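Values in this document were obtained by computation on a predicted structure and should not be read as measured data.
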Amino acid sequence: MHTSVPILGAMGITVLHGDASRASVLLPLTPNSNHLGTIYAGSLMSAAECLGGSIGFGQGLDGFVPLVTRVEIDYLRPATTDVTASTTFSPDHQATLREDALRDGKARYVLHISLTDAHGVEVARAVGQYQLRKF
């Protein structure tokens, strides 16, 4: 992930889990804090958005790349600790994604993403819309 998108490495984002059905990353408070001592909103958005590139495809889809087309995020409360962004992708959606991608050369998918602080409190939630496209 850090070689594909170097800024994620500079932000200190680390992958906690990533496969075709579940993905999560850890976003540390430092270096992502702002003038209020909370995590900068743009860093929260980046942690949410990057999950779309690590989930929902894999086996038999060589040559396809994920593209973000839209992300909506609701900031629920200030994040004063490290944050975990996580999402899931069902096997049924994986099958549909694979079929659409192989048939049409592209496929759309949606992820519902939760961002929680170190105490398990949800600080933001996002909905990401992505497209898997033949490259």
Over all heavy atoms of both residues, which pair between Arg108 and Leu97 is shortest? Give the atoms and the distance, please. O-CD1, 4.1 Å
What's the shortest heavy-atom distance between Ala107 and Ala101, and which atoms? CB-N, 3.7 Å
Is the ring pair Tyr109/Tyr130 parallel, tilted or perpendicular, if the boundaries are 30 and 60 degrees? parallel
Filter on ring-ring contact (aromatic ring centres under 6.0 Å, His included), then keep only pairs touching residues 8-42, sequence neighbours left out; what's left? none
Which heavy atom of Val25 sits nearest to which heavy atom of Ala47, and what is that distance? CG2-O, 3.7 Å
For Asn34, side chain to side chain donor-acceptor pair (under 3.5 Å) partners two or more places apart: Thr38
Sorted by chain and number, sequence neighbours left out, side-chain contact (heavy atoms from CB on, under 4.5 Å) with Lys106 holds for Gln131, Arg133
Tell me, please, which residues at least two apart from Glu122 pass salt bridge (charged side-chain N to carboxylate O under 4.0 Å, His left out). Arg125
Is a side-chain donor or acceptor of Thr87 paired with a backbone partner of His112 at a separation under 3.5 angstrom? yes
Checking side-chain contact (heavy atoms from CB on, under 4.5 Å) for the pair Tyr75/Leu115: CA distance, chi angles, key distance, verdict? CA-CA 9 Å; Tyr75 299 99; Leu115 294 99; over 6 Å; no
Contacts satisfying salt bridge (Lys or Arg N to Asp or Glu O under 4.0 Å) that involve residues 76-96 (not counting sequence neighbours) are none
Check for me, please, whether Leu26 and Leu29 land in the same ILVMFWY cluster - side-chain distances under 4.5 Å, paths through other members count. no
With Thr81 via side-chain contact (heavy atoms from CB on, under 4.5 Å) - residues at least two apart: Asp117, Ala118, His119
Please write out which residues are connected to Val121 in a hydrophobic cluster, directly or through intermediates, given that two of Ile, Leu, Val, Met, Phe, Trp, Tyr count as joined at side-chain heavy-atom separations below 4.5 angstrom. none
State whether the side chain of Gln94 and the backbone N or O of Phe89 hold a donor-acceptor pair below 3.5 Å, judged by distance alone. yes
State which residues pass side-chain contact (heavy atoms from CB on, under 4.5 Å) with Met11; sequence neighbours excluded, sorted by chain then number. Ile7, Leu8, Ile13, Leu27, Asn32, Ser43, Ser46
Under 4.5 Å side-chain linkage, directly or through intermediates, the cluster mates of Val110: Val127
Measure from the side-chain N and O atoms of Thr69 to the backbone N and O of Gln129, and report whether any donor-acceptor pair falls under 3.5 Å. yes
Sub-3.5 Å donor-acceptor pair from the side chain of Asp74 to the main-chain atoms of Leu76, do we have one? no
Heavy-atom closest pair, residues Gly128 and Val71: CA-CG2, 4.2 Å
Inter-residue atom distance Glu72.CD - Ile113.CD1, 0.5 Å rounding: 11.5 Å
Which residues pass the side-chain contact (heavy atoms from CB on, under 4.5 Å) test with Ala79, sequence neighbours left out? Ile39, Val83, Val123
Non-neighbouring partners of Asp100 that pass salt bridge (charged side-chain N to carboxylate O under 4.0 Å, His left out), sequence neighbours left out: Arg103
Which atoms form the tightest heavy-atom contact between Pro66 and Gly53, and what is the distance? CG-CA, 3.6 Å
Do you reckon Leu111 sits in the same ILVMFWY cluster as Leu16, going by side-chain contacts under 4.5 Å, direct or chained? no
Do you know the tightest heavy-atom contact between Ala48 and Ala126? CB-CB, 4.1 Å
Using a side-chain heavy atom cutoff under 4.5 Å and only I, L, V, M, F, W and Y, what cluster partners does Leu36 have? none
